[in-house]
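Everything below concerns the one structure shown next.
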Amino acid sequence: MKVQIASDHAGFELKEAIKKEFSNEFEWEDHGTHSSDSVDYPDFAHPLAEAIAQDPAARGILICGTGNGVAMTANKHAHVRAALCWNAEIAALARQHNNANVLVLPARFIDTDTAFALVRTFFSTDFEGGRHERRVQKINIQ
Ligand code: RB5
């Protein structure tokens, strides 16, 4: 499975750790950043979101310090449902109820093992559909 991934400088180390940890499971499309030098998170979240918006089957991971900057940016794109997650239950519900297609991680507020657990949960949990399908269909405004 190919997974889109991007971060700013605050998420760079975690992005690299995730890529290494899941190198056998996923093929990565890395939209940067490529060092810990200070950057602006929209410059990396927008390209990832464009890739997600173009392909209904695409999945991604976005990382910044709090997760909020990249989530706000990505969710400006129609058909992107980027979910800020900090524990496994929220990551599971983001898939089951919201059909989230981007996992957003707050690098400065979770440890690496927690991040790995969230990735495992997010990518192994299916959307439940049913009443949640109707609600997800109502998210987009265009
Ligand atoms: C960078 O210092 C920080 O502002 C950024 O990673 C993110 O937390 C913004 O939402």
Side-chain angles (χ1 to χ4, degrees), residues 1-130 132-133 135-142:
M1 178 183 187
K2 186 186 240 185
V3 177
Q4 313 290 322
I5 193 165
S7 75
D8 71 354
H9 54 287
F12 170 69
E13 280 188 19
L14 182 57
K15 173 168 71 70
E16 296 307 304
I18 288 170
K19 281 166 53 187
K20 190 173 169 196
E21 176 72 11
F22 295 93
S23 60
N24 292 331
E25 286 100 323
F26 302 137
E27 179 190 343
W28 299 106
E29 179 84 38
D30 188 345
H31 298 269
T33 187
H34 299 293
S35 79
S36 295
D37 294 346
S38 184
V39 292
D40 299 335
Y41 56 80
D43 294 340
F44 304 91
H46 279 308
L48 179 140
E50 280 163 19
I52 299 289
Q54 282 168 15
D55 178 2
R59 297 286 179 271
I61 299 173
L62 276 171
I63 313 167
C64 69
T66 62
N68 273 323
V70 291
M72 289 177 186
T73 305
N75 281 322
K76 292 291 181 188
H77 295 249
H79 310 299
V80 171
R81 292 175 301 281
L84 175 55
C85 299
W86 57 93
N87 69 38
E89 188 176 9
I90 291 170
L93 287 166
R95 289 287 310 125
Q96 290 166 341
H97 290 191
N98 311 115
N99 200 13
N101 50 15
V102 179
L103 171 65
V104 181
L105 299 173
R108 289 179 174 154
F109 297 90
I110 57 173
D111 61 29
T112 305
D113 286 339
T114 300
F116 292 166
L118 299 191
V119 171
R120 282 192 193 94
T121 298
F122 188 86
F123 285 91
S124 63
T125 305
D126 292 329
F127 181 44
E128 285 180 358
H132 302 297
E133 177 67 43
R135 294 164 184 166
V136 168
Q137 289 299 328
K138 290 183 176 181
I139 291 175
N140 277 345
I141 55 171
Q142 66 259 50

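All heavy atoms count here, side chains included; hydrogens, waters and symmetry mates do not. Computed from a predicted structure; not experimentally measured.
- For the atom pair CG (Leu118) and CG (Asn87), the distance works out to 7.0 Å, reported to the nearest 0.5 Å.
- Between the CZ atom in Phe26 and the NZ atom in Lys2 there is a gap of 14.0 Å [rounded to 0.5 Å].
- Within the 4.5 Å cutoff, no side-chain heavy atoms of Ile52 are placed close to those of His79.
- The aromatic rings of His132 and His97 sit parallel to each other, their planes meeting at less than 30°, with 60° as the upper class boundary.
- In this structure, CH2 on Trp28 lies 10.0 Å from NZ on Lys15, to the nearest 0.5 angstrom.
- In terms of heavy atoms, Ala53 sits closest to Ala78 at CB-O, 3.6 Å.
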Check against side chain to side chain contact (heavy atoms under 4.5 Å, CB included), Phe123 and Val3: CA-CA 10 Å; Phe123 285 91; Val3 177; 3.9 Å; yes
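- Interatomic distance, CG of Leu93 versus CG of Asn98, reported as 8.0 Å (0.5 Å rounding).
- Close placement of the His46 and His77 rings is indicated, their centers lying within 6.0 Å of each other.
- Residue Leu14 comes nearest to Ala115 through the heavy atom pair CD1-CB, 3.6 Å, listed as atom of the first residue, atom of the second, then distance.
- For His31 against Phe44, the heavy-atom pair with the smallest separation is O-CD2, 3.3 Å.
- His9 places a side-chain N or O within 3.5 Å of a backbone atom of Val39 that can act as its donor or acceptor partner.
- Considering only heavy atoms from C-beta on, Asp30 comes within 4.5 Å of Glu16 through its side chain.
- Interatomic distance, Arg135 CZ to Asn99 CG, rounded to the nearest 0.5 Å: 14.0 Å.
- A donor-acceptor contact shorter than 3.5 Å links the side chain of Asn75 to the backbone of Ala82.
- Heavy-atom minimum distance, Pro106 versus Thr66: CB-O, 3.0 Å.
- Taking both residues in full, the closest heavy atoms of Gly69 and Thr73 are given as O-OG1, 2.8 Å, listed atom of the first, atom of the second, then distance.
- Distance check, rounded to the nearest 0.5 Å: CZ of Arg81 to CZ of Arg95 gives 8.5 Å.
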Please step through side chain to side chain donor-acceptor pair (under 3.5 Å) for the pair Gln54 and Glu50, ending with a clear verdict. CA-CA 6 Å; Gln54 282 168 15; Glu50 280 163 19; 5.6 Å; no
Test side chain to side chain contact (heavy atoms under 4.5 Å, CB included) on Asn101 and Val80; report intermediate values, then the result. CA-CA 7 Å; Asn101 50 15; Val80 171; 4.2 Å; yes
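- Judged by distance alone, the side chain of Asn68 and the main-chain N or O of Ala71 form no donor-acceptor pair under 3.5 Å.
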For Leu48 and Val70, what are the C-alpha separation, side-chain angles and deciding distance, and is it a side chain to side chain contact (heavy atoms under 4.5 Å, CB included)? CA-CA 10 Å; Leu48 179 140; Val70 291; over 6 Å; no
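- The minimum heavy-atom distance linking Phe12 with Ser36 is given by the pair CD2-OG, 3.4 Å.
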